[in-house]
Chemist: 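Below you'll find the structure I mean.
Naming: A, B, ... by sequence-line order, numbering from 1 per chain.
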2 protein chains.
Amino acid sequence: MRKSFLFLDTIINKVDAKGRVSLPSDYRAILKDLSTEIVCYRSLSAPCIEGCTEELLDKLATDIESSMDFFSQEQDDLTNLIFGDAKRFPFDSTGRIVLSEKLLKHAQITDAAVFVGKGRKFQIWNPQNWEKEEARIRAEVLKKRPQLSVKPEGGAE
Amino acid sequence: MRKSFLFLDTIINKVDAKGRVSLPSDYRAILKDLSTEIVCYRSLSAPCIEGCTEELLDKLATDIESSMDFFSQEQDDLTNLIFGDAKRFPFDSTGRIVLSEKLLKHAQITDAAVFVGKGRKFQIWNPQNWEKEEARIRAEVLKKRPQLSVKPEGGAE
DNA sequence: CTCTGACTTATGGTATATCATGGGATTTTA
DNA sequence: TAAAATCCCATGATATACCATAAGTCAGAG
């Protein structure tokens, strides 16, 4: 059994002219000995970048390998899209990765990026877009589960 | 357990007059000590070249061997086609392979080739054809999973 | 409780290594 | 021997690794 690892928290970091960003130290700490790189791809569901370990994608590849026959390509459009889009991003000794133009453009990221933990995955957002997205998610959740709106004390604003 | 290897990303490289193409360095890195060659064959499902490690084809052979499904004429025919068509392509010290006329013609590749990661396999496309194919796949995916197209602002109807 | 110092992290800048690619030399094959 | 395939070297562009500084965090001492 492996030790659990989770991407948590929300961190904002600067992006320089070359597209370099520091991967949050917590994220790096999680990977520690396992790896010095992360895999990123354009999210299919939102204007953001998604990141995960190569291990996770490898698991996906193994699942496909065993569940489908070698020649079939019908049902794996989605996964094929991911593999073609995903790229390894190794981080250097200072913990930075350089994001590709393609990814930055898709997420509309220019000079700052928000890292949002999603458990086994994480997302990277343009700060303004994330602000809106978070508000949307909160509203959505509260609509479905109004009891959650009962707060111990003062609210968000 | 072996270390994971995945063909990822989408890379475009030039094809010179001799039919030489650089195999993306990431792809070479995956094979590292294992091998200095790659196996390629004409895709049965698309106008492109498919590539993989010899190891994968070996696995395919083993699976067929031990399968109770050896009555399947269709699968038999397909595997014959693959093994008959596949060829080893060694790459030199600079990481280039020379694709055969047969493969180039099938994929309509002349002066540029797009390498598309597919996990355990990869594909090589004519750039224009790939552009169209990618658009097709993206449309297909969104059609099958409409909820993914929901954006923070633009609503789903 | 406050100040101070050690340590970690983020970030800007720069040097270095790697890769794709063109050209040419050498070997193989017919 | 001619043609074709393979190998090797050179080069410019790009990406990567490294160094230095700054800022922020935490712990312990006074």
Chemist: Quick one, give me the B/S/- string for nucleotides 6-25 of chain D, reading 5' to 3', where B means a protein heavy atom under 4.0 Å from the base and S means that only happens at the primed atoms, P, OP1 or OP2.
Modeler: BBBB-------BBB------
Chemist: Would you compute the distance between atom NZ of B/Lys87 and atom CZ of B/Phe89 and round it to the nearest 0.5 angstrom?
Modeler: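 Separation between the atoms: 5.0 Å.
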Chemist: Salt bridge or not for A/Glu101 and A/Lys18, using N-O below 4.0 Å?
Modeler: no
Chemist: Between B/Phe83 and B/Leu81, is there shared hydrophobic-cluster membership here, with clusters defined by ILVMFWY side-chain heavy atoms closer than 4.5 Å?
Modeler: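 Yes, B/Phe83 connects to B/Leu81 through the hydrophobic network.
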Chemist: Is there side-chain contact between A/Phe122 and A/Pro24, with heavy atoms separated by less than 4.5 Å?
Modeler: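 Of all side-chain heavy-atom pairs linking A/Pro24 with A/Phe122, none is under 4.5 Å.
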Chemist: Nearest-Å distance, CD1 (B/Ile97) to P (D/dA5)?
Modeler: 15 Å
Chemist: Just how large is the angle between the end axes of the helix from C/dC1-D/dG30 to C/dA30-D/dT1, five pairs per end, to 10 degrees?
Modeler: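 Both end axes considered, the difference amounts to 40°.
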Chemist: What distance do B/Thr36 atom OG1 and B/Ile97 atom CD1 have between them, rounded to the nearest 0.5 Å?
Modeler: 12.0 Å
Chemist: With a 4.5 Å cut-off on side-chain heavy atoms, are B/Val114 and B/Ile124 touching?
Modeler: no
Chemist: Ring-plane angle category for B/Phe7 and B/Tyr27, please: parallel below 30°, perpendicular beyond 60°, tilted otherwise.
Modeler: perpendicular
Chemist: I'd like the 5' and 3' limits of the part of DNA chain C contacted by chain A, with heavy-atom contacts below 4.0 Å.
Modeler: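 That gives a stretch of C/dT9 to C/dT14.
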Chemist: Can you tell if the side chain of A/Glu54 reaches within under 4.5 Å of the side chain of A/Glu37, non-hydrogen atoms only?
Modeler: yes
Chemist: Map B/Ser22 and A/Lys14 onto DNA chain C by nearest heavy atom, then report which one ends up closer to the 5' terminus.
Modeler: A/Lys14
Chemist: How far does CZ of B/Arg20 sit from CG of B/Asn13, to the nearest 0.5 angstrom?
Modeler: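 Reported to 0.5 Å precision, the distance equals 13.0 Å.
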Chemist: Would you say B/Leu23 and B/Phe115 make side-chain contact, with heavy atoms under 4.5 Å?
Modeler: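 Heavy-atom side-chain distance check passes, below 4.5 Å.
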